[in-house]
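Take a look at the structure below.
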Protein chains: 2
Amino acid sequence: MTGRKASLSPREAKRVRTRQRLTEAALRLMSERGINGTSVSEIATEAELANGTFYLYFKDKSEIVAAVCQAVTLAMHNEMDSRRLSLEEGSARVAFGTQQFIEIAAAEPTWGRLLMSAFTEFEAIKDDISRYMRLDVALGVEQGCFTESVDEFVIDTLLAILRAGIEARLGGAKAEVGARAAEYHLRVLGMSAADAHRVRLATDKVVESQASR
Amino acid sequence: MTGRKASLSPREAKRVRTRQRLTEAALRLMSERGINGTSVSEIATEAELANGTFYLYFKDKSEIVAAVCQAVTLAMHNEMDSRRLSLEEGSARVAFGTQQFIEIAAAEPTWGRLLMSAFTEFEAIKDDISRYMRLDVALGVEQGCFTESVDEFVIDTLLAILRAGIEARLGGAKAEVGARAAEYHLRVLGMSAADAHRVRLATDKVVESQASR
DNA sequence: TCTCATAATGGGGCATCTCTCATTTTAGAG
DNA sequence: CTCTAAAATGAGAGATGCCCCATTATGAGA
C-alpha cells in the first residue's frame, strides 16, 4: 500500500519528490516562524528552488498551508491510533488520547509548533484534530461515564485545554501537564476529580509501554 | 477624580481629544478586522486625520495596540468589580466572574471581538485578563473549595475556557454557554459537577439583579 | 491684529509579499 | 546523440504597509 513508487514514471517521481521538498521546507519554516510569518519565497529558498517553481506545485500559499497542516495531523493521528483502540471505556480513551497527543507534540516539536501556529492561523485544523476526540467523548457519554452531552461548546472547550497543554509543554513544562490536561478533560466532561484521576492513572501503564518501545 | 479636564489648557485638551479619536477609531476597526488586519493609515482615516498625524500620538503601531487592549480590559473590569466583591467564597467569585466576563463581552461585542483578536495577536493581554482570576482562584484554594493548587497551567487552562466561551457567545451561542464555562472552571479546579452547578446557580440571582439595572 | 509654537498634512522612501511569465535548463524517449 | 516536453528559473509587476519629514494650517497669547 505504501510502495506506489514502482508504478511512477521517472517524470512523475521527480514531481512527487519536488512537491515533497516544498512541503517539508514549509513545515520546517512554519513551525519556527509561524504560518503567517513564512513567505512563499522563503519556502522556495529553503527547498533550494526558485521562487516561481512554487507555483507549479501549489495554486497559492493557502494550498500549501492546508497540505502541511493535513500532513501533520495525519502523522500525529497515525502515531496514536493502535494503542487508543485497545481501551474499551470512552473515559479512558479520552484521557489516553489527550495525554498521547500532547506527548507526541512535545516529542516532535516541529509538529507541535506547527499546530500552535495553525490553531490561530488556520482554524480549519480544529476539525481534523477534534475528529478523534468526538468519537471518544460520544462513546463515554453512551457508556454513562460522562454527564455532559456532546455539543460544539464542549468540544471547543476540550480543544482549548488540549491547546493550552501543548503550548505549556512546548514552553518547557514538565510531562506532568499532559496528565493534568487529560484529567481536566474528564472533569469538564462531568467526572469527579477523584474518578478522573483514577481513570487517567489506569492509562499510565499503556503510556509507559509505549515509552519503552 | 474624573473631571481632570478643567485643569487642562486648551492645547492639552485638544491633544487629549485627538489621541482619543485615534484610540476609538483603532478599537472600532480592530474589533472588526482584527489587530493585524488593521493598518495605521486606516486608523488615521477612520479618525479623520492624515496618515502622519498618527505618529505624533503613538510611537508605532504596537503602542496603540497596547493602549487599546489596556483600555478595553480596564473597561470590562470596571463593569464587573463591585458585584463580584460582595461574594465571600472563592468558588462563587470564580463562577460569577467568568459568567459576567463572558456576558459583558457579548453585550459589548466591540470589546469582545477585540479580546478575541488580542488573544492571538497581543498575548500580553492574557496577563491583564487573568489578574482578577488569580485572586479569586487563590481565595478558593485557601478556603478549601478547590483541590487544584494555583499555577501557570491551571490559569492558562481557565483562560482557554474563558476564551472559548467568549468566542462561542460572539458566534451566536446562547447565554447558557457563559454559565457552562463558569461550571467548567469550577470542575477544572477540582469541584464535582454537582457542587459546581450548585455554586453557579447561587450566583444567578446576582447576575439577574444586574440584568435589570 | 500679529506672531510663532504646536498640530496636522500627505507624499513618498523603503521594505515585503504574492503571483506571473518569457526564457532557459534538464533529462527521458526515440 | 538528438529532439522536445516538462521542469525550473528569476526578474519584476502590482499591492500593501510602516514610518519619516518637509511643508502648511491653526489658534492662543501678546
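Numbered from 1 within each chain, the chains take letters A, B, ... in sequence-line order. Because the structure is a prediction, the values reported are computed rather than measured.
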Residues touching DNA chain D, which here means a heavy atom under 4.0 Å, drawn from residues 43-50 of chain B: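 Listed by number, there are none.
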Salt bridge (Lys or Arg N to Asp or Glu O under 4.0 Å): pairs with one or both residues in residues 19-29 of chain A, sequence neighbours excluded: Arg28(A)-Glu46(A)
[X]: what forms a side chain to side chain donor-acceptor pair (under 3.5 Å) with it, not counting sequence neighbours?
{"X": "Gln70(B)", "value": "none"}
{"X": "Asn36(A)", "value": "none"}
{"X": "Glu12(B)", "value": "Ser9(B)"}

Residue pairs involving residues 159-188 of chain B (criterion ring pair (Phe, Tyr, Trp, His ring centres under 6.0 Å); sequence neighbours excluded): Phe153(A)-Tyr184(B)
Please identify each residue that fulfils side chain to side chain contact (heavy atoms under 4.5 Å, CB included) with [X], with sequence neighbours left out.
{"X": "Arg15(A)", "value": "Tyr57(A)"}
{"X": "Ser39(A)", "value": "Ser41(A), Glu42(A)"}
{"X": "Glu108(A)", "value": "Trp111(A)"}

Plane angle bin for Phe101(A) and His77(A) - parallel if under 30°, tilted between 30 and 60°, otherwise perpendicular: tilted
Proximity to DNA chain C (any heavy atom under 4.0 Å), residues of residues 59-72 of chain B only: none
Any protein N or O atoms within reach of nucleotides 1-7 of chain C? Criterion: under 3.5 Å, listing atom names and distances.
none

Bend angle of the helix from dT1(C)-dA30(D) to dG30(C)-dC1(D), from helix axes over five pairs at each end, nearest 10°: 10°
dC19(C) OP1/OP2 closer than 4.0 Å to side-chain N/O of Tyr55(A): yes
Nearest-angstrom distance from the residue atom CG of Leu22(A) to P of dA8(D):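 It is 9 Å, rounded to the nearest whole Å.
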